[in-house]
Amino acid sequence: MLTAVQPWPRTEEEALAVQDALRSRVVSAAGPADPATVAGLDVAYDDSGDRLGAAVVVLNTADLSVRDTAVVRDRPAFPYVPGLFAFREVPALMAALEKLTVRPDVLICDGHGLAHPRRFGLAAHLGVLTDLPSFGVGKTRLVGEWEEVGTARGSRSALVDEGETVGAVLRTQTGVKPVFVSVGHRIDLDNACSLTLRLASRYRLPETTRAADRVCRDLLS
DNA sequence: GCGACAG
DNA sequence: ATCTTGTCGC
């Protein structure tokens, strides 16, 4: 689709420098409230952890029908380091995005956007590289604190780090552990949360994530 | 020194 | 991320 991802950092120091250079390109804006298409992105690993499968699944928001799917098999591009997680999966996910025949209206990533120690998690990183609206839905926290969330579906609580609201802890299903929603690029938190709720009408995670997870999983086995 | 630490 | 048994509930 877009931008090539040329020289990849090989050390933590280089990766930090890349984050520092790219984070200024993040755009804060009121994103699409009713996107026609939404893309889910996910990666799965084999037993050795040496190989991975990356998937992007584009759904029509109206009926959740699959509009497009792209997969890539690759190798992790970086070791797992909290805060540098994106450097592991971005090359494979970008390669998959480039295979799409349609340009999705929003990217929904597995992980965080601005809810990151340097405000540049995976969702922000992919948003900047593609210049598409993007946000993250994480299953566990990386940074931030929050007040206990109401038990009813739709309840939310601000995720605050260093005095700054970096995301929301959102209950997508009554009585089920909440998810962590944070903005990446060109979308606002309210729209990210309502979109997440819309896509998680039946399960804890949005259908986008579930679809991508399923695809990249049986890409390995 | 002891925890915490996206996937 | 991934490895795993049983168990509780609709």
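First the proteins, then the strands, lettered A, B, ... as listed; each starts at 1.
- Between A:Leu52 atom CG and C:dA1 atom P the separation is 13 Å, expressed in whole Å.
- C:dT2 atom P lies 12 Å from atom CG of A:Leu219, rounded to whole Å.
- Across the protein-nucleic acid pair, A:Phe85 atom CZ and B:dA6 atom C1' stand 6 Å apart, rounded to whole Å.
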Verify ring pair (Phe, Tyr, Trp, His ring centres under 6.0 Å) between A:His125 and A:Phe87, making sure each step is shown before the conclusion. CA-CA 9 Å; A:His125 204 134; A:Phe87 292 93; 5.3 Å; yes
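- A ring-centre distance under 6.0 Å is not found for A:Phe78 and A:Trp8.
- Residue-level contact check: A:Gly121 touches the bases, meaning some heavy atom is under 4.0 Å from a base atom.
- Rounded to a whole Å, the CG atom of A:Leu220 is 14 Å from the C1' atom of B:dG7.
- Side-chain proximity of A:Arg141 to the nucleotides B:dA6, B:dA4, C:dT2 is greatest for B:dA4.
- At B:dC5, none of the side-chain N or O atoms of A:Thr140 fall inside 4.0 Å of OP1 or OP2 (strictly under the cut-off).
- Residues A:Asp213 and A:Arg217 are paired through a salt bridge, judged by an N-O separation under 4.0 Å between the basic side chain and the carboxylate.
- One interatomic measurement links the two molecules: CG of A:Leu170 to P of B:dA6, which rounds to 20 Å at whole-angstrom precision.
- At least one side-chain nitrogen or oxygen of A:Arg217 sits closer than 4.0 Å to the OP1 or OP2 atom of C:dT2.
- The two residues A:Val143 and A:Leu159 come nearest to each other via the heavy atoms O-CD1, 3.6 Å.
- Residue-level contact check: A:Gly83 touches the bases, meaning some heavy atom is under 4.0 Å from a base atom.
- The phosphate of C:dA1 has neither OP1 nor OP2 within less than 4.0 Å of any side-chain N or O from A:Arg88.
- Listed pair A:Lys139 / B:dG7 meets the phosphate criterion, a side-chain N or O lying under 4.0 Å from OP1 or OP2.
- B:dA6 atom C1' lies 15 Å from atom CZ of A:Phe78, rounded to whole Å.
- Ring-to-base geometry places A:Tyr80 in a stacked arrangement with B:dG7 (centre distance under 5.5 Å, plane angle under 30°).
- Note on A:Ala44: only backbone sugar-phosphate atoms sit closer than 4.0 angstrom, heavy atoms only; bases stay farther off.
- As judged by a 4.0 angstrom heavy-atom cut-off over every strand, A:Leu84 is placed among the base-contacting residues.
- Follow the hydrophobic side-chain contacts under 4.5 Å out from A:Leu170 and you reach A:Val137 in the same cluster.
- Atom P of nucleotide B:dG7 and atom CZ of A:Phe87 are separated by 17 Å, given to the nearest angstrom.
- Per the geometry, CG belonging to A:Leu114 stands 17 Å off P belonging to B:dA6, to the nearest Å.
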